[in-house]
Amino acid sequence: MSAEIENRICDYLRGYGRHDLSALESLAQFGMWGVVAQCELLARASTFIKILDENELRAVAAGVVNLVDLANRVAAELKGRNP
């Protein structure tokens, strides 16, 4: 899996570098990609969480509702199997 992911990212970088080599060289100097990726994951997760109302948000924040468990349950349901 890792090699496949690396190959896809290299394809993105090649396209980026063909368009602007100096920008690609700047990317190569930036050392905080893990932090940036974590921020992006948080931003993508927040896209979903924004649809919840205040009571639902409070339940998730307090740990009364486990969103991971619910998401896994619904995913299993949609795949046609019981959790």
Side-chain angles (χ1 to χ4, degrees):
M1 170 77 86
S2 181
E4 180 183 334
I5 290 171
E6 287 181 5
N7 287 337
R8 287 197 317 253
I9 293 172
C10 284
D11 287 342
Y12 298 141
L13 291 169
R14 281 184 198 95
Y16 191 81
R18 284 185 192 114
H19 177 71
D20 188 343
L21 185 56
S22 64
L24 175 62
E25 290 169 338
S26 292
L27 292 181
Q29 298 302 312
F30 185 71
M32 296 182 61
W33 288 113
V35 173
V36 173
Q38 285 292 336
C39 289
E40 180 62 21
L41 287 170
L42 288 171
R44 290 180 185 192
S46 72
T47 299
F48 170 78
I49 204 103
K50 288 178 183 180
I51 67 172
L52 302 180
D53 68 25
E54 187 169 338
N55 288 333
E56 294 163 342
L57 285 171
R58 289 183 186 281
V60 171
V64 173
V65 172
N66 185 320
L67 197 52
V68 171
D69 288 346
L70 293 178
N72 283 321
R73 184 186 327 160
V74 170
E77 183 182 296
L78 293 173
K79 289 178 183 176
R81 58 174 205 242
N82 292 325

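Quantities reported herein were computed from a predicted structural model and do not represent experimental measurements.
- Ion pairing between Arg44 and Glu40 holds under the 4.0 Å rule for side-chain N and carboxylate O.
- Of the residues Asn55, Leu70, Leu52, the one that meets the side-chain contact (heavy atoms from CB on, under 4.5 Å) test with Val60 is Leu52.
- Ion pairing between a basic and an acidic side chain is recognised when a charged N comes within 4.0 Å of a carboxylate O; Arg14 and Asp11 show such pairing.
- Here CD of Glu56 is found 10.5 Å from CG of Leu67. Values are rounded to the nearest 0.5 Å.
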>> Quick one, Glu4 with Arg8, criterion salt bridge (Lys or Arg N to Asp or Glu O under 4.0 Å). Give me CA distance, side-chain angles, the key distance, then yes/no.
In response: CA-CA 6 Å; Glu4 180 183 334; Arg8 287 197 317 253; 3.0 Å; yes
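- Within a 6.0 Å radius of CZ in Phe30, more than 12 heavy atoms belonging to other residues, nucleotides or ligands are found.
- The side chain to side chain donor-acceptor pair (under 3.5 Å) contacts involving residues 26-38 comprise nothing, where partners must be two or more places apart or lie in separate chains.
- When all heavy atoms of Tyr16 and Leu24 are compared, the pair lying nearest together is CE2-N, 3.8 Å.
- Nearest heavy atoms, Asp69 versus Asn66: N-OD1, 3.0 Å.
- A single hydrophobic cluster is not seen to contain both Val68 and Val74; linkage of ILVMFWY side chains at heavy-atom distances under 4.5 Å, directly or through other members, places them apart.
- Linking Ile, Leu, Val, Met, Phe, Trp and Tyr residues whenever their side-chain heavy atoms come within less than 4.5 Å leaves Leu41 and Ile51 in two separate clusters.
- Both Leu21 and Ile9 are part of a single hydrophobic cluster, where members link through side-chain heavy atoms under 4.5 Å apart.
- There is a path of hydrophobic side-chain contacts, each under 4.5 Å, that joins Val36 to Ile5.
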